[in-house]
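Only one structure is covered here, and it is reproduced in the block below.
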Amino acid sequence: MSHYSRTNENDPPNSRLFVLTTKDITDDDLRAEFEPFGNIERITNLKDKSTNEYKGVSFIKFAKSSQACLAMEELHGKILNGRPMKVIIAQAQGQQKEHNFEENPEGLMRIFILVDSNATRESLTTKFSAFGEVTDVRIVNSRNNARVCAFIKFEKASSAALALELCEDHYKAVLAEPQTPKGSRKREIEQPHGFRATPRELHRSSSGPSLSKYQRGGSSMLEVLYHSCCPYDRLCSLFDIIPDFARVSRPDYYDIDRSIVTVEYYSEDAARHAFNKLHGFEFPDGCFLDVRLSFASMPPSRPSLYNWGSDPALGGRRYVVANTGETYTCTCDLPPTDIMHPHDDIVISLFVHCQPVCPPESILEDVFSRFGNMVLFKQPRGKNFGFARYCVYENGQKALKMMERQYINDIYVTISLSENRPSK
């Protein structure tokens, strides 16, 4: 029986190399060339289906992105068995064209970070030069000149990858989007991977009303639920980018790690524009804004508005996570709580996609473990999807059938099979 591999090909991102060599190359040859640069987790050689002959194409998976980038820099173009090798970062499945680093190599050399208001180019250059040569530092200011973020460009991709791996967590460092070619969308600025809009895009929405049509008069409000790791002043700067901004209330405590504020604009059009652009916006990395429209007169905040699933008629039945005591609602009639089987072999894996964001991983684990024989539930940090993996095929199929297009805490969930049933 073949089993599902627990190793994610793109975890961490950009840690897999595409290598083009001669057809007579062997695994030992490749390992001898690439192993000096880091821990190789796997070498995959592509073969012709009809002749079973090696095509001269390989994928080499490293444990770290910095190791893969260093190998690419040192070995691309090197002669092996009489032919120069082509070594590039492998493009992940479904990756957009602008993320093709063969065509946009600078996309691997720039990172996005959050900085304090007192950060300077000189201090950031000194700090990040510890990881490699820094060629450019750009601090992005909001309208009120509060410094919110910065872009650091390195001379080498391996230096940028090393900075992502080793810099302090408070920078929330991510790889920046490749720069837009000159002459195309001139008003757009860089954005980090995972951001759903750029600040300057908010001034020129093609889907919302023309900014020249914003009229002062009246009052429109939004309620925003956000992660407490996001500083209040940065949140204000983000909403201040939208024209006709009026004010942001002081944050109210919502729960252990979330706060709620009311954002006021001078017009309903402005509030709708902010809602369309910022609902589900990832700010900072791994944390998503939940924005709700409210045009009636109201107190500064109403936490009850965010009590997801509080009405059983709307949110479904209420359930309790046995280990943590958390409560949640689900529109599916779930089976009773069942035990996990963490040491059994995985035979079926489900891809679980949530919109706009995922509920806590503990809740998702409780939901899908109730179908029985679940080995693990894995949710990548900051992503709106996860994987439910089972050791019995029938249990996975039952979860797939019952949970498709259901709601957990008013969050829409879709399920698909991420691996075919193994052959026996």
Side-chain angles (χ1 to χ4, degrees), residues 13-14 65-66 69-70 73 104-180 182 185-204 226-243 245 247-248 250-251 259 261 278 281-287 289 382:
N14 307 318
S65 174
S66 58
C69 290
L70 183 60
E73 293 163 355
N104 300 288
E106 288 192 358
L108 288 167
M109 302 175 187
R110 299 167 61 251
I111 67 172
F112 170 93
I113 60 172
L114 297 180
V115 296
D116 295 328
S117 58
N118 59 353
T120 64
R121 291 188 61 189
E122 292 74 17
S123 64
L124 292 177
T125 299
T126 301
K127 175 68 177 179
F128 284 87
S129 291
F131 307 110
E133 183 179 352
V134 174
T135 60
D136 185 49
V137 175
R138 180 181 302 179
I139 298 177
V140 179
N141 297 339
S142 63
R143 291 173 63 194
N144 61 1
N145 292 324
R147 290 168 175 171
V148 177
C149 59
F151 293 88
I152 313 292
K153 184 178 179 181
F154 291 87
E155 177 69 23
K156 295 182 178 182
S158 57
S159 301
L162 195 63
L164 292 177
E165 294 166 1
L166 300 181
C167 73
E168 290 89 339
D169 291 341
H170 66 82
Y171 285 112
K172 304 290 184 182
V174 293
L175 195 66
E177 290 281 357
Q179 288 180 302
T180 306
K182 292 182 179 180
R185 302 175 70 180
K186 294 181 180 179
R187 296 187 65 187
E188 183 177 14
I189 65 171
E190 308 93 335
Q191 70 182 77
H193 284 298
F195 272 61
R196 303 188 180 186
T198 56
R200 292 187 187 177
E201 276 186 313
L202 304 179
H203 287 289
R204 57 171 183 80
Y226 68 99
H227 198 283
S228 300
C229 69
C230 175
Y232 171 74
D233 59 337
R234 293 181 180 175
L235 187 74
C236 296
S237 299
L238 181 65
F239 282 88
D240 186 28
I241 292 172
I242 303 293
F245 169 79
R247 68 183 182 92
V248 179
R250 295 302 301 180
S259 299
V261 295
L278 295 177
F281 189 85
E282 189 175 3
F283 187 78
D285 180 46
C287 303
L289 300 180

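None of the values given here were measured: they were computed from a predicted structure.
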Distance in Å, [X] [atom1] paired with [Y] [atom2], rounded so as to fall on 0.5 Å steps:
{"X": "Phe239", "Y": "Leu289", "atom1": "CZ", "atom2": "CG", "result": "5.5 Å"}
{"X": "Ile139", "Y": "Ile152", "atom1": "CD1", "atom2": "CD1", "result": "7.5 Å"}
{"X": "Tyr226", "Y": "Leu278", "atom1": "OH", "atom2": "CG", "result": "14.5 Å"}
{"X": "Arg138", "Y": "Leu124", "atom1": "CZ", "atom2": "CG", "result": "14.0 Å"}
{"X": "Ser159", "Y": "Lys153", "atom1": "OG", "atom2": "NZ", "result": "13.0 Å"}
{"X": "Glu73", "Y": "Leu108", "atom1": "CD", "atom2": "CG", "result": "9.0 Å"}

Is there a side-chain contact between [X] and [Y], using heavy atoms and a 4.5 Å cut-off?
{"X": "Leu162", "Y": "Leu70", "result": "no"}
{"X": "Phe128", "Y": "Ile111", "result": "yes"}
{"X": "Arg121", "Y": "Asp136", "result": "yes"}

Treating [X] as the side-chain partner and [Y] as the backbone partner, does any N or O pair qualify as donor plus acceptor under 3.5 Å?
{"X": "Arg110", "Y": "Ala176", "answer": "no"}
{"X": "Glu165", "Y": "Ser66", "answer": "yes"}
{"X": "Ser65", "Y": "Asn14", "answer": "yes"}
{"X": "Ser158", "Y": "Cys69", "answer": "no"}
{"X": "Ser123", "Y": "Ala119", "answer": "no"}

Item to check | Minimum-distance pair of heavy atoms, taken over all atoms of Met109 and Ala157 | outcome: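 So the two residues come closest at CG-N, 3.9 Å.
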